[in-house]
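Here the structure is laid out as structure tokens; the discussion comes afterwards.
Proteins come first, then strands; the chains are lettered A, B, ... in the order of their sequence lines, and each starts at number 1.
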Amino acid sequence: MSLRQQKNGKQIPWTLAELKTGLEHFYEQQKRYPTATEVDAYAYLPSARSIERRFGGLVALRKQLGLGIEHDFRTGTHSTNRAHLINKRAHRVEQTVYERLVRRFGKEMVHREYFFTDDHRTRADFFVYDEQRGFCVDVFYPNSLRNLAGCLNIKIKKYIGTKSLLLYPVIFLQMNESIQQKEIDTLVSHKAKKLQTGQYVMEWGTFEVFCRGRDPLKVLRA
DNA sequence: GGTGCTTCACATCTCCATCG
DNA sequence: CGATGGAGATGTGAAGCACC
């Protein structure tokens, strides 16, 4: 994603000073230094992979430049803050989805922490009983499209070997409003790891349409 | 109260297909 | 044929749960 000029079709090697300038430029705008994913998306820096090859990685580069911050964002304070954010957000987002599902399908029909394997170890966020065969919902909130792919791989792995797939749809519901269904579909269609039959990745708008097509179960009361 | 196990999502490392 | 970047693999920390 680099805007850098090429000379005679050849890439001019980035210098340490240029990288420092690029990082500081990012810092001025964001008040923090970029992660690998953000470096990839940033026009004034080479890709994280290029930094890996030429400078031994982002961690090594930060160390070399002496930016006065923690060098490795995978551990330490940065990681702690990230974990806190993830946990809080996951709780909030799951609660939101729960309330919306209950509003449409009724409290008795929305089961939380649904076990879909016999060993009772693996579970999904929700199972909803409806007039059809019901459906399963796994909610998540990735901070980027790149991360969405990562999350998806984890989920695909988790659901491998579960026999439930053909019995009802399994929906991976991503709740980041800035990620559009179109981007998701493109990513999913290009993935090496394919979704299994009956698995879908949706953003909220698409999921709402899906829900409208599912009729709430009518319970006969004596 | 402690221990082990799981989930959440993220940052980085690594592989390798593609491109000029 | 070397350089590039897309994307899977790996490991991290907080928190919830079962179990003792």
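- Taking atom NE2 on A/H190 and atom P on B/dA17, their separation rounds to 17 Å, with Å as the unit.
- For A/A192, the listed nucleotide lying nearest its side chain is C/dG8; candidates were C/dG8, C/dG13, B/dA9.
- In this structure, the CG atom of A/L85 is 9 Å from the C1' atom of B/dA9, given to the nearest Å.
- Remark: A/K191 is not in phosphate contact with C/dG6, judged by side-chain N or O atoms under 4.0 Å from OP1 or OP2.
- Contact record, A/V139 with A/D125: N-OD2, 2.6 Å, taken as the closest heavy-atom pair.
- Between A/Y42 and A/Y44, the ring-plane angle classifies as perpendicular under the 30° and 60° cut-offs.
- Counting any heavy atom pair closer than 4.0 Å across all strands shown, A/R89 reaches sugar-phosphate atoms only and no base atom.
- We find that CG of A/N81 is positioned 11 Å from P of C/dA15, with the value rounded to whole Å.
- The separation between A/R53 atom CZ and C/dG5 atom P is 8 Å, rounded to whole Å.
- Checking C/dG8, C/dG5, B/dC8 against every side-chain atom of A/S47, the shortest atom distance belongs to C/dG5.
- In summary, the aromatic rings of A/H111 and A/F127 are positioned with their centroids too far apart to meet the 6.0 Å limit.
- A/D138 has a carboxylate O that lies under 4.0 Å from a charged side-chain N of A/K158, or vice versa, which qualifies the two as a salt bridge.
- Atoms CZ (A/R92) and C1' (B/dA9) sit 14 Å apart, rounded to a whole Å.
- Between A/A149 and A/I154, the residue anchored nearer the 5' end of DNA chain C, judged by the nucleotide with its closest heavy atom, is A/A149.
- Across the interface with DNA chain C, nearest-nucleotide mapping of A/L187 and A/T75 shows A/L187 to be the residue nearer the 5′ end.
- The distance from atom CG of A/L195 to atom C1' of C/dG8 is 15 Å, rounded to the nearest whole Å.
- Using cut-offs of 30° and 60° for the angle between ring planes, the A/Y33 and A/Y27 rings count as tilted.
- Of the candidates B/dC8, B/dA9, C/dA7, the closest approach to any side-chain atom of A/N87 belongs to B/dC8.
- Salt-bridge annotation for A/E208 and A/R104: absent, with no side-chain N of the basic residue lying under 4.0 Å from a carboxylate O of the acidic one.
- Two rings, from A/F126 and A/F135, have their centers 6.0 Å or more apart.
- One atom, CD1 of A/I156, and another, C1' of C/dA7, lie 12 Å apart when rounded to the nearest Å.
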Under 3.5 Å, N/O pairs linking protein and nucleotides 11-14 of chain B:
| residue | atom | partner | partner atom | Å |
| --- | --- | --- | --- | --- |
| B/dA11 | OP1 | A/H78 | NE2 | 3.4 |
| B/dT12 | OP1 | A/R62 | NH1 | 2.6 |
| B/dT12 | OP1 | A/R62 | NH2 | 2.7 |
| B/dT12 | OP2 | A/A36 | N | 2.6 |
| B/dT12 | OP2 | A/R62 | NH2 | 3.4 |
| B/dC13 | OP2 | A/E52 | OE1 | 2.6 |

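- Taking atom CD1 of residue A/I51 and atom P of nucleotide C/dG5, one finds them 11 Å apart after rounding to whole Å.
- Within the 4.0 Å cut-off from OP1 or OP2 of C/dG6, not a single side-chain nitrogen or oxygen of A/K193 is found.
- If you check every strand for non-hydrogen atoms under 4.0 Å, A/K88 touches nothing.
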